[in-house]
Amino acid sequence: SFTYHNVHHTLDVINTAESIAISHNLDVTDVLILKIAALFHDTGYLHLRKGHEEKSSEIFLEYALNSSLEKEIKEQIVGCIMATKMPQEPNTLLEQILCDADLDYLGRDDFDTIEQQLYSELFSAGEMTDRLAWDKVQVTFLLNHRFHTDFSIQMRSKKLLENLNAVRGRII
């Protein structure tokens with residue numbers, strides 16, 4: 001039933017976060033923090049939908065318990081995971097990057113395919129009743145979404161607007 005929150009989404013977020021990090025000339029440690037956070041950011045969905053970010057953080061911390069990661073790095077990873085909670089409120093550049101990577105598809109050509117996967121998942125979970133209601137939610141979400149990093153603003157804002165207009169067109 002996880003047609004959106006699955007390994008494909010996770011790999012997409014990992015790869016996108018790495019690309020954004022490279023565009024910001026981040027060091028190897030920051031890239032590693034982002035990749036670990038991206039890997040764990042939705043693992044909480046295996047247990048619950050609402051509040052999954054907290055559960056994802058718990059899963060990461062349990063996994064990292066016997067690791068050699070420093071406390072500060074663990075805290076940064078948890079901060080990145082928690083920043084993806086809606087509404088997104090990232091405080092650091094790393095948190096901004098993970099948030100942008102998580103919702104990168106909003107400003108891409110594959111938006112239609114991915115948003116259909118998310119709709120199917122929400123419909124299966126009983127959180128969405130029909131396509132028209134979904135499209136109305138999407139319009140509001142796209143209207144209110146703002147990318148955080150220079151990379152995403154430059155690379156995704158134009159297509160986000162095109163995707164918004166396409167969804168609006170389906171409503172009319």
Practice item. Looking only at non-hydrogen atoms, find the nearest pair between Ser56 and Ile81 and report the distance. Key: CB-CG2, 3.9 Å
Exercise for review: Take Phe111 and Leu142, measure what side chain to side chain contact (heavy atoms under 4.5 Å, CB included) needs, and give me the verdict at the end.
Suggested key: CA-CA 11 Å; Phe111 169 80; Leu142 291 166; 3.9 Å; yes
Review point. Within the distance-only criterion (no hydrogens, no angle test), does the side chain of His9 pair as donor or acceptor with the backbone N or O of Asn6 below 3.5 angstrom?
Key: no
Review point. Once you round to the nearest 0.5 Å, how far does CG of Leu94 lie from CG of Asp30?
Key: 4.5 Å
Exercise for review: I would like to know whether Ile59 and His47 meet side chain to side chain contact (heavy atoms under 4.5 Å, CB included); could you show each step before the answer?
Suggested key: CA-CA 10 Å; Ile59 292 168; His47 302 275; 3.7 Å; yes
Exercise for review: Check the surroundings of atom CZ in Phe123: do more than 12 heavy atoms from other residues, nucleotides or ligands lie under 6.0 Å from it?
Suggested key: no
Exercise for review: Would you name the heavy atoms of Gly107 and Lys159 that are closest together and state the gap between them?
Suggested key: O-CB, 3.1 Å
Practice item. Please identify each residue that fulfils side chain to side chain contact (heavy atoms under 4.5 Å, CB included) with His145, with sequence neighbours left out. Key: Gln88, Leu103, Leu106, Phe147, Leu160
Study note, to complete from the structure: Apart from Leu65 itself, its cluster of hydrophobic side chains linked below 4.5 Å comprises none
Exercise for review: Hey, could you give me the SG/CE distance between Cys99 and Met82, rounded to the nearest 0.5 Å?
Suggested key: 11.0 Å
Study note, to complete from the structure: Heavy-atom closest pair (Val13 atom, Ala101 atom, distance to 0.1 Å) is O-CB, 3.7 Å
Review point. Can you tell me if CG on Asp27 sees more than 12 non-hydrogen neighbours from other groups inside 6.0 Å?
Key: yes
Review point. Under 3.5 Å, is there a donor-acceptor pair between the Thr149 and Asp100 side chains?
Key: yes
Point to revise | Smallest separation among heavy atoms of Asp102 and His41, with atom names | key: OD1-NE2, 3.1 Å
Review point. Just how far is it from atom NE2 of His148 to atom CD of Glu89, taken to the nearest 0.5 Å?
Key: 9.5 Å
Point to revise | Under 3.5 Å donor-acceptor, Asp110 side chain and Thr113 backbone | key: no
Point to revise | Heavy-atom donor-acceptor pair, Glu121 side chain to Tyr4 backbone, under 3.5 Å | key: yes
Practice item. Examine the side chains of Ser120 and Gln116 and answer whether a donor and an acceptor come within less than 3.5 Å of each other. Key: yes
Exercise for review: Give, for atom OG1 of Thr16 and atom CZ of Arg156, the distance between the pair rounded to the nearest 0.5 Å.
Suggested key: 7.0 Å
Practice item. Could you tell me whether the side chain of Arg49 and the main chain of Leu46 form a donor-acceptor pair under 3.5 Å? Key: no
Exercise for review: List the atom of Leu98, the atom of Cys80, and the distance in Å for their closest heavy-atom pair.
Suggested key: CD2-O, 3.3 Å
Review point. Do Val7 and Ile114 share a hydrophobic cluster, counting only Ile, Leu, Val, Met, Phe, Trp and Tyr and linking them when any side-chain heavy atoms are less than 4.5 Å apart?
Key: no
Review point. How are the rings of Phe40 and Phe60 set relative to one another: parallel (under 30°), tilted (30 to 60°) or perpendicular (over 60°)?
Key: perpendicular
Check residues 164-172 and write down every donor-acceptor pair under 3.5 Å in which the side-chain atom is one partner and the other belongs to a residue at least two apart or another chain.
residue, atom, partner, partner atom, Å
Asn165, OD1, Arg168, NH1, 3.4
Asn165, ND2, Leu161, O, 3.3
Arg170, NE, Asp135, OD1, 3.3
Arg170, NE, Asp135, OD2, 3.2
Arg170, NH2, Glu115, OE2, 3.2
Arg170, NH2, Asp135, OD1, 2.8

Check your understanding: Looking at CE of Met155 and CG of Asp150, how far apart are the two atoms once the value is rounded to the nearest 0.5 Å?
Key -> 12.5 Å
Exercise for review: Would you please test Leu118 and His5 for side chain to side chain contact (heavy atoms under 4.5 Å, CB included) and show each step?
Suggested key: CA-CA 8 Å; Leu118 181 54; His5 292 101; 4.1 Å; yes
Study note, to complete from the structure: Smallest heavy-atom separation, Leu69 atom then Lys74 atom, equals O-CE, 3.4 Å
Exercise for review: Kindly determine whether Leu34 and Ile20 satisfy side chain to side chain contact (heavy atoms under 4.5 Å, CB included), including the steps that lead there.
Suggested key: CA-CA 10 Å; Leu34 283 166; Ile20 298 171; over 6 Å; no
Point to revise | Whether over 12 other heavy atoms sit under 6.0 Å from His8 NE2 | key: no
Review point. Quick one: do Val28 and Ile14 end up in the same hydrophobic cluster if we chain Ile, Leu, Val, Met, Phe, Trp and Tyr together by side-chain heavy atoms under 4.5 Å apart?
Key: no
Point to revise | Charged N-O contact under 4.0 Å between Glu127 and Lys50 | key: no
Point to revise | Separation between CD1 of Ile33 and NZ of Lys35, rounded to the nearest 0.5 Å | key: 13.0 Å
